[in-house]
Amino acid sequence: MHDATPGYVPAVLEANRKLVVAIDGPAASGKSSTAQWVAEKLGFRHVDSGALYRAITAARLRAGGSPDEWSEPSVLAVARQVSLRPVERGFVALIRGENADGEIRGGEVTREVSRVARMQSVRDWVNAEVRRAASGHDVVVDGRDIGTVVFPDAQLKIFLVADPWERAKRRLVQRLSRRPTDAEIAEETERLVQRDARDATQTVQARDAVLIDTTYLTQSEQVERIVALARGVTSRRGATSPVDGEADSR
Ligand code: DC
């Protein structure tokens, strides 16, 4: 039930309701980079919810101990060291007030983050932070449950999917800056499929989401589709949002 979601505000009670574009999908489906680019084109802010789960995981790793033995209260306790700093067009995740971007994208965090993301009290904390960051702005928010749990009333919901082989290839090209071999792609595909399985419960396509399969799309084609859908939403609402007037910067 929507009104049972912590921090959820029914749309009718919101005075000057801002636009929310929710982008969900599995790992390496290009959500964050697409969301960032869409936000730039629309003149919206981008909120990357996965960065908060990653920052909490990094903070918990710093505190030490075997991840198998991390208790939920010990993870929630370090969440308080994590915050979002507004920057132009978005936010960066901080740990104890410092930028930790390199650390939160590292292999150790990527391996352990799913266990943190399965803890309900941590999810509630992250959801409240994301809503706080988004409040008062037109936003593009990416994650796994944005269209279902965090912003069930988002005016536009996108669910991005892509074939695991293609996702693995894209990720490797980004990481290695060269063409990966088939053996490398096969190994990465296996890792991704395992991550998909670990994150499956949280990764939910809203019933009113637009499904976009990006397997055969370039990133700029994905971005254009989402921007076109967002412009459709604003024109139907008769909104005078930056979506209607602003010139594309890319
Ligand atoms: O999108 P990402 O790889 O940065 O996400 C990191 C982890 O956080 C991954 O295990 C999925 C989880 N996550 C989540 O459960 N819900 C979200 N809204 C965003 C991320």
Side-chain angles (χ1 to χ4, degrees), residues 20-42 44 46-54 90 104-107 109-111 113-114 117-118 130 139-151 154 156-233 248 250:
V20 177
V21 177
I23 304 185
D24 291 304
S29 56
K31 291 182 310 288
S32 290
S33 47
T34 300
Q36 195 172 354
W37 195 351
V38 168
E40 252 176 60
K41 287 205 154 222
L42 297 176
F44 287 14
H46 169 221
V47 187
D48 171 1
S49 62
L52 284 168
Y53 290 103
R54 288 175 174 275
I104 74 173
R105 308 281 162 203
V109 168
T110 302
R111 262 193 311 282
V113 64
S114 297
R118 278 195 297 267
V130 170
V139 284
V140 181
V141 187
D142 78 277
R144 301 292 198 287
D145 57 347
I146 306 303
T148 47
V149 176
V150 187
F151 290 110
L156 177 61
K157 301 178 186 178
I158 306 290
F159 198 79
L160 284 186
V161 293
D163 179 78
W165 181 273
E166 183 59 30
R167 284 190 278 144
K169 193 161 103 190
R170 288 177 192 166
R171 177 142 286 190
L172 286 172
V173 168
Q174 204 176 32
R175 194 184 302 151
L176 306 173
S177 303
R178 64 164 168 82
R179 213 181 137 152
T181 64
D182 279 1
E184 286 170 330
I185 303 173
E187 202 181 308
E188 185 67 18
T189 301
E190 200 184 317
R191 266 200 292 269
L192 262 184
V193 169
Q194 283 166 6
R195 263 193 83 191
D196 285 351
R198 287 202 299 271
D199 290 329
T201 358
Q202 293 95 257
T203 312
V204 189
Q205 181 183 345
R207 269 183 302 189
D208 51 349
V210 178
L211 178 73
I212 301 182
D213 183 339
T214 72
T215 307
Y216 303 107
L217 297 180
T218 64
Q219 197 177 29
S220 111
E221 286 168 335
Q222 305 170 34
V223 169
E224 287 311 328
R225 283 194 190 187
I226 300 171
V227 167
L229 288 163
R231 290 194 165 128
V233 170
D248 291 345
R250 286 167 88 155

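Note that the structure is a prediction, hence the values are computed from the model and not measured. Values reported hereafter were calculated over all heavy atoms of this structure, with side chains retained and with hydrogens, waters and symmetry mates removed.
Within a 6.0 Å radius of CD in Gln174, other residues, nucleotides and ligands contribute 12 heavy atoms or fewer. Counting heavy-atom neighbours within 6.0 Å of Arg225 CZ, excluding the residue itself, gives a total of 12 or less.
Smallest separation of non-hydrogen atoms from Ala168 and Leu192: N-CD1, 3.5 Å. Closest of all the heavy-atom pairs between Ala206 and Gly147 is CB-O, 3.8 Å. The two residues Pro26 and Thr203 make their nearest non-hydrogen contact at N-CG2, 4.0 Å. Heavy atoms only, all atoms of each residue included: Ala51 and Arg105 are closest at CB-NH2, 3.7 Å. Taking every heavy atom of both residues into account, Ala162 and Thr215 meet most closely at CA-OG1, 3.4 Å. Of all heavy-atom pairs spanning Lys31 and Ile23, the tightest one is CD-O, 4.0 Å.
How far CG of Leu229 is from CG of Leu156: 5.5 Å, rounded to the nearest 0.5 Å. If you take CZ on Arg170 and CD1 on Ile185, they are separated by 12.0 Å, rounding to the nearest 0.5 Å. From Leu42, atom CG reaches atom CZ of Arg231 across 6.5 Å, with rounding to the nearest 0.5 Å. Considering CD of Gln222 and OG of Ser33, their distance stands at 7.5 Å, rounded to 0.5 Å. One distance of note links CD1 of Ile146 with NZ of Lys157; it measures 11.0 Å at 0.5 Å rounding. Put simply, CZ on Arg144 and OH on Tyr53 are 10.0 Å apart, with the number rounded to the nearest 0.5 Å.
For the pair Lys41 and Glu224, the salt-bridge criterion is met [side-chain N within less than 4.0 Å of a carboxylate O].
Not a single salt bridge (Lys or Arg N to Asp or Glu O under 4.0 Å) links Glu190 to another residue, sequence neighbours left out. Take Arg178 and apply the side chain to side chain donor-acceptor pair (under 3.5 Å) test, not counting sequence neighbours, and it matches Glu184. When the salt bridge (Lys or Arg N to Asp or Glu O under 4.0 Å) test is applied to Arg111, no partner is found at least two apart in sequence or on another chain. Residues satisfying the side chain to side chain donor-acceptor pair (under 3.5 Å) criterion with Asp163, sequence neighbours excluded, are absent altogether. Looking at residues two or more places apart in sequence or on another chain, you find no salt bridge (Lys or Arg N to Asp or Glu O under 4.0 Å) involving Glu221. With sequence neighbours left out, Asp142 forms a salt bridge (Lys or Arg N to Asp or Glu O under 4.0 Å) with no residue at all.
Using a distance-only test at 3.5 Å, with no hydrogens or angles considered, a donor-acceptor pair links the side chain of Arg167 to the main chain of Ala27. Judged by distance alone, the side chain of Arg118 and the main-chain N or O of Arg198 form a donor-acceptor pair under 3.5 Å. The closest donor-acceptor contact from the side chain of Asp24 to the backbone of Asp145 lies under 3.5 Å.
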Just do the side-chain contact (heavy atoms from CB on, under 4.5 Å) check on Val141 and Val150 with the steps written out, would you? CA-CA 9 Å; Val141 187; Val150 187; 5.7 Å; no
Trp37 vs Ile226, test: side-chain contact (heavy atoms from CB on, under 4.5 Å). Steps then yes/no. CA-CA 10 Å; Trp37 195 351; Ile226 300 171; over 6 Å; no
Checking side-chain contact (heavy atoms from CB on, under 4.5 Å) for the pair Arg195/Thr110: CA distance, chi angles, key distance, verdict? CA-CA 9 Å; Arg195 263 193 83 191; Thr110 302; 3.8 Å; yes
Full working for side-chain contact (heavy atoms from CB on, under 4.5 Å) between Leu217 and Ile212: CA-CA 9 Å; Leu217 297 180; Ile212 301 182; 3.8 Å; yes
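With contacts defined as side-chain heavy-atom distances shorter than 4.5 Å, the pair Val161/Ser29 does not qualify.
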